[in-house]
Amino acid sequence: MPWRAPFSMVTSVGMDKQPKTPARPNRGWLGFLIAAGLAMSLMTLFGGRGGQIGYDELKAKIRGNEVARVVVTASEVRAEPKDEKLRDKGVVWTSGRGEGQELEKLLDEAKVPYRYDNDAGMWGAMIPWLVLFGGMAIFWWFMLRRLRPGAGFLSFGKSKAKLASEETRTTFADVAGVDEAVEELKEIVQFLADPERFRRLGGKIPKGVLLVGPPGTGKTLLARAVAGEAKVPFYQLTGSDFVEMFVGVGAARVRDLFAEAQTKAPAIIFIDELDAIGKARGVGVISGGHDEREQTLNQLLSEMDGFDARKGLIVMAATNRPEILDPALLRPGRFDRQVLVDRPDVRGREAILRVHVRGVTLAPDVDLKKIAQLTPGMAGADLANLVNEAALLAVRRGKEAVTMSELNESIERVMAGLEKKSRRLSDRERQVVAHHEAGHTILAEVLPSADRVHKVSIIPRGFGALGYTMQLPTEERYITQQRELLDKVTVLMGGRAAEEVFFGEISTGATDDLERATEIVRRMIIQYGMGATLGPQAYRPRDEARFLGSSGAVETRLVSDRTAEAIDAEVTALLRRLHDRAIRVVKANRAQAEALAKALLEEEVVEGERLRETLRGAALPAELTVESAA
């Protein structure tokens, strides 16, 4: 199956030391109170050793002259035995109450002293309830203390922001691959370090700075670097920290956060995952009205309008979904400066790798420039994970330094997953997988706009990949032309085409290929305006994700039924045409595909010069030209 570079990963950011957590309540006292309450309840219920007996059995013991004295309460009868040995053991017979006059008559005839004790019965009935409600109160008190140690029942409105310590600081020297973003943020640092310089000329620093970019590109790291360079207090929290199950808690926490930060200005407030509270208001609320998230957002907007930026309070936030944010957040006077933190290019990836290998012992053969070329599309977090995996592999192999071999293998681990050595394929399955990957490789080799193949493997990896073809672009691309999309889809069809050519039947191995090919063609028709009959028109508005979500099938909701049928027909026709094109290319290069499949069955992995030698002579048939959707 063709290889697909990972789109994004979670940012890896070094955490500063956090303030010491206040001591938790003494659990010993809590356990003692619960145990004491249960003991009292059991003593009341069972009345001592001897246990519960029937009322008839109690009357028999009274007639048999076995009872010394009796205590009658509102709910039971407790009898003390005459036998001294039983009394020494603490035995007490307990029974339910019968008819009062009958019991008194029986006791009088047997000459057994008795008395009434209604207070004991009342307390006996109340103690279980006291234990129950007391235990519940203690439980909730304990849980609230755990949620907010050192606080009481009214602590929900307190801010959960974490103040970074002065000991550990991140600076711009720890950031690489996003030079433009660093230049934008240096102005913020200069203002916080010397605000008078800006005030003399009447300049106003932006109140809010919004960091926008895919996951894993270093947005949080940049915010920490700004605080480290400016040497000011840094309050960090996520959007979800504001919202609780209780109405009004989020708004109270926003007020508390800004009040605390203004007392320590100049300072930075950093809200990660702003989209958790900053979604457009009124969207998705069927019944109307204000929910807790909207109240929190309203309070945030109010606080950003209310504080004086001249005091040196800067609000920074990060999100990877700017399209769903409320427009009121992005207007001038709030988050009026947006900084793009995009995936790095090849030079940026090399710079990021040099940052992450600072504490790693590298062998002389390591070429970080080559590694950067082999990792297109990777963000900073991906590269950090790659270096860490390589270091772990070197330790596992007992090496003194990380070599190029470990780095290359970690690239495959990050991109395609771990090798599944325990997954044994039958000979027939290995034949199918080898020819499937050979089909992808042949198409990628001969099509003019396709990315060149770096490595082919039939070693199972990851969750479901039985093989993979690793393609690497020859240069950085920021736009994709129509012919490149058509060639990409044709390469995806190559595995299924090879199965049809060599075996005369198809398998489930092309499932992922078909899904990706269909997605690309559908986007070409409804989003890029590359349809042959529908023409240069977009059937997918830019703001659709805000209201309907990016499910990929929304065009049927935004267009007429007739247009939706035309879209489906054009998608199907283009996929069939590219599939037929793939079959013709495989048939024209049958010898090279067969030779590559044979090499894969023998060696499992084919790359470099061995791959180029096997594919020598492969070419695009003369009758096939670059296809277009026109």
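Nearest heavy atom pair, residue V315 against residue F258, reads CG2-CE2, 3.9 Å. Across A181 and L222, no two heavy atoms sit closer than the pair CB-CD1, 3.9 Å. Residue L297 comes nearest to G278 through the heavy atom pair CD1-CA, 4.1 Å, listed as atom of the first residue, atom of the second, then distance. Nearest heavy-atom pair across T403 and A363 is CG2-CB, 3.7 Å. Here the closest heavy-atom approach between residue I352 and residue A176 is recorded as CG1-O, 3.2 Å. Closest heavy-atom contact between P344 and A379: CD-CA, 4.1 Å.
Ion pairing between R331 and D326 fails under the 4.0 Å rule for side-chain N and carboxylate O. Salt bridge status for D512 with R516: present, with a side-chain N to carboxylate O gap under 4.0 Å.
In terms of modelled atom types and a separation under 3.5 Å, the side chain of N385 and the main chain of D382 share no donor-acceptor contact. In this structure, the side chain of N408 engages the main chain of M404 through a donor-acceptor pair within 3.5 Å. Looking at T518, its side chain does come within 3.5 Å of a backbone N or O of L514 through a donor-acceptor pair. Between the R334 side chain and the A328 main chain, a donor and an acceptor come within less than 3.5 Å of each other. Formation of a donor-acceptor pair under 3.5 Å by the S410 side chain with backbone atoms of L386 is found in this model. Remark: the backbone N or O of T563 is paired with a side-chain donor or acceptor of S560 at under 3.5 angstrom. Although no hydrogens or angles enter the test, the distance criterion places a donor-acceptor pair under 3.5 Å between the side chain of K219 and the main chain of P214. Under the 3.5 Å distance criterion, the side-chain polar atoms of T490 are matched with a main-chain donor or acceptor of L486.
For E187, the salt bridge (Lys or Arg N to Asp or Glu O under 4.0 Å) criterion is met by R337, not counting sequence neighbours. Looking at residues two or more places apart in sequence or on another chain, you find a salt bridge (Lys or Arg N to Asp or Glu O under 4.0 Å) between K186 and E183.
With rounding to the nearest 0.5 Å, the separation of OG1 in T220 from CE in M316 is 9.5 Å. Of the inter-residue distances, the one linking M530 atom CE with I520 atom CD1 reads 11.5 Å to the nearest 0.5 angstrom. Separation of atoms CZ (F335) and CG (L210) is listed at 6.0 Å; rounding is to 0.5 Å. Taking CD of Q373 as the start and CG of L368 as the end, the distance is 11.5 Å to the nearest 0.5 Å. Of the inter-residue distances, the one linking L313 atom CG with I268 atom CD1 reads 9.5 Å to the nearest 0.5 angstrom. Remark: F270 CZ to L237 CG distance equals 9.5 Å, nearest 0.5 Å.
In this model, no donor atom of one side chain and acceptor atom of the other lie less than 3.5 Å apart for Q299 and S302. No donor-acceptor contact under 3.5 angstrom links the side chains of D272 and T238, judged on distance only. Side-chain N/O atoms of R452 and Q471 include no donor and acceptor closer than 3.5 Å. The closest side-chain donor-acceptor pair between T533 and E570 falls under 3.5 angstrom. Side chain to side chain, R224 and Q236 meet the donor-acceptor criterion of an N or O pair below 3.5 Å. For the 3.5 Å distance criterion, the side chains of T319 and D275 qualify, holding a donor opposite an acceptor.
Taking 4.5 Å as the limit, some side-chain heavy atom of T375 sits within range of a side-chain heavy atom of L383. Residues R522 and I567 have side chains in contact (heavy-atom distance under 4.5 Å, counting atoms from C-beta outward). Between K264 and Y235, the closest side-chain pair of non-hydrogen atoms falls below 4.5 Å. Residues L300 and I271 form a side-chain contact, since some pair of their non-hydrogen atoms from C-beta on lies under 4.5 Å apart.
For residues 344-355, the salt bridge (charged side-chain N to carboxylate O under 4.0 Å, His left out) pairs, not counting sequence neighbours, are D345-R347, R349-E476, E350-R354.
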Requested in this report: Please lay out, stage by stage, how V402 and L407 fare under the test side chain to side chain contact (heavy atoms under 4.5 Å, CB included).
Outcome: CA-CA 7 Å; V402 177; L407 286 168; 4.1 Å; yes
Report task. May I have the step-by-step check of side chain to side chain contact (heavy atoms under 4.5 Å, CB included) for Q481 and L485, ending in yes or no? Result -> CA-CA 7 Å; Q481 294 182 319; L485 292 172; over 6 Å; no
**Report entry** Test log, rule side chain to side chain contact (heavy atoms under 4.5 Å, CB included), inputs V521 and V489
**Finding:** CA-CA 8 Å; V521 170; V489 175; 4.0 Å; yes
Requested in this report: Might you work through the salt bridge (charged side-chain N to carboxylate O under 4.0 Å, His left out) test for D174 and R358, ending with a clear yes or no?
Outcome: CA-CA 10 Å; D174 302 309; R358 287 174 182 173; 3.4 Å; yes
Report task. Applying side chain to side chain contact (heavy atoms under 4.5 Å, CB included), run through V189 and F172 and close with a yes or a no. Result -> CA-CA 11 Å; V189 174; F172 286 141; 3.9 Å; yes
